[in-house]
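What follows is a set of notes on a single structure, which appears directly below.
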Amino acid sequence: MSSPSVVSTKPSTGERAAAFVVKWGFVAVTVALILFFVITEPSFRTVDNIFGMLKFIAPTAIAGLGVMLAMTVGGIDLSVGASAGFAVSIAAWTMVIANQVGGVAVSVVLVCGLLIGALNAFLIVVARIPDLLATLTTMFVIVGLKLIIVDGKSISSQMTLSNGTTAPGKFTADFLWLDRGSVGPIPVPVIIFLVVTVLLWFLLERTRWGRALFAVGTNSEAARLSGIRVQWYRTAAYMGCGLLASVAGLLLAARIGQGDVSAGNSLLLDAVAVALVGVSVLGIGRPNAWGTALGAVLIAVMVTGFTMLGLPYYAQDFGKGIVLLVALLFSFTFSRRRTVVTAGSTTSSS
């Protein structure tokens, strides 16, 4: 009786090339863009510009990390931009109208962020409203509440109040330090951005809580049967997202130095974009902190480089859209095709 023939399962050159593109393609695009701007724009490669880019993108990156946290449990949070804008107005109201110091404003804003996250969690976990609808509703509620609190006006020092008096407070120096301060050559927003990224990476990749979050996002029923408190983890994820959105709002408030009612309006799209880009980085195929951070850096490089080239703002939006499209292709098309090809090769060799 002849022995069965053995077919080699070694991947072909095309399969290896596809795997390489899926894993390293986005990193290569980022490096290529950086090299292009370094060569064409001498001012791009200065240390001040590098830190300036990271400082500029820090609020978006932190809000994106919040969206990424919601994505780990299989959800999404569309209220991050509104939450950040609400944080700007609340911080301004606390210091300018209520005449409190920066530390009090920070505490009030962070508590508000947690409450917004808790509201989202209640609507999604307890009321069982789909996450898109729940967080979209919360977004409208927050935007409206923000305008009601400030009478639809931006808050600034020495402004005239509705009763005819002058606002007694101002943005304090300790609060403005959040944007204008530095530790050595590194701006404070960059430090906060890096610290949040490292903490979330450690939480998700090196702790049992992180593994539980991913388990909930992958298959909540299987996670429940294995003893994971699914509702608790989903609640924690949305509260964490609300907290990070408020941190992003604090940085925006310290940057502009007033309670601009339009602050945070454009943050949602960019935050969701960097979170989705992060899924495709290194072919991981799931939300991750370093991928989200790289997505934010890529957007910062594009915006800064396009600005130096003198391109109009709508070209920047077009570039962001192209980047997001490529990221989605890497995440959902190329990686799936590679999986199908690999599975087919394995089946035919059995």
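Given the structure is predicted, the values throughout are model-derived calculations rather than measurements.
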Are [X] and [Y] linked, directly or through other ILVMFWY residues, by side chains that come within less than 4.5 angstrom of each other?
| X | Y | result |
| --- | --- | --- |
| Val301 | Val47 | yes |
| Phe202 | Trp290 | yes |
| Val183 | Val190 | yes |
| Leu252 | Val303 | no |
| Val88 | Val96 | no |

For Leu119, side chain to side chain contact (heavy atoms under 4.5 Å, CB included) partners two or more places apart: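 Leu119: side chain to side chain contact (heavy atoms under 4.5 Å, CB included) contacts with Leu123, Thr138.
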Counterpart residues, side chain to side chain contact (heavy atoms under 4.5 Å, CB included), relative to Leu132 (two or more places apart):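 Scan of Leu132 (side chain to side chain contact (heavy atoms under 4.5 Å, CB included), adjacent residues dropped) gives Ile76, Leu78.
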Rounded distance (nearest 0.5 Å) linking atom OG of Ser79 with atom CG of Leu136: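 These two atoms lie 9.5 Å from each other.
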Inter-residue atom distance Leu251.CG - Ile192.CD1, 0.5 Å rounding: 5.0 Å
Glu41 atom CD: more than 12 heavy-atom contacts under 6.0 Å: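 More than 12 within 6.0 Å, yes.
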Arg229, CZ atom: more than 12 neighbouring heavy atoms under 6.0 Å: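 Incorrect, the count does not exceed 12.
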Where [X] and [Y] come nearest, the two heavy atoms and their spacing:
| X | Y | result |
| --- | --- | --- |
| Leu213 | Val73 | CD2-CG1, 3.6 Å |
| Ser182 | Trp177 | N-NE1, 4.1 Å |
| Ala63 | Leu267 | CB-CD2, 3.9 Å |
| Ser246 | Leu110 | OG-CD2, 3.5 Å |
| Asp270 | Ile299 | O-CD1, 4.5 Å |
| Ala271 | Val80 | CB-CG2, 4.2 Å |

Does the side chain of [X] reach to within under 4.5 Å of the side chain of [Y], using non-hydrogen atoms?
| X | Y | result |
| --- | --- | --- |
| Met53 | Phe44 | yes |
| Met95 | Thr172 | yes |
| Leu204 | Asn288 | no |
| Thr165 | Thr160 | no |

CA sep, side-chain torsions, deciding dist, call: Ile124, Thr135, side-chain contact (heavy atoms from CB on, under 4.5 Å): CA-CA 8 Å; Ile124 296 168; Thr135 56; 4.2 Å; yes
Aromatic plane relationship, Phe306 with Phe37 - under 30° parallel, 30 to 60° tilted, over 60° perpendicular: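 The rings of Phe37 and Phe306 stand perpendicular, inter-plane angle above 60°.
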Partners meeting ring pair (Phe, Tyr, Trp, His ring centres under 6.0 Å) with Phe86 (sequence neighbours left out):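 Listed in chain order: nothing, the list is empty.
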Residues that Phe56 engages under ring pair (Phe, Tyr, Trp, His ring centres under 6.0 Å), provided they are two or more places apart: none
Between Asp48 and Thr46: side-chain donor-acceptor atoms closer than 3.5 Å: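 Distance-only check fails for Asp48 and Thr46.
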Between Asn49 and Thr304, a side-chain donor and acceptor under 3.5 Å: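 No, Thr304 and Asn49 have no side-chain donor paired with an acceptor closer than 3.5 Å.
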Heavy-atom donor-acceptor pair, Lys55 side chain to Asp179 backbone, under 3.5 Å: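 Checked: pair present.
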Check: Ile256 main-chain N/O paired with Gln258 side-chain donor or acceptor under 3.5 Å: no
Non-neighbouring partners of Arg224 that pass salt bridge (charged side-chain N to carboxylate O under 4.0 Å, His left out), sequence neighbours left out: Glu221
Sequence neighbours excluded, every pair satisfying ring-ring contact (aromatic ring centres under 6.0 Å, His included) that has a member inside residues 214-250: none
From CA spacing to verdict: side-chain contact (heavy atoms from CB on, under 4.5 Å), Leu199, Leu203: CA-CA 6 Å; Leu199 288 177; Leu203 169 69; over 6 Å; no
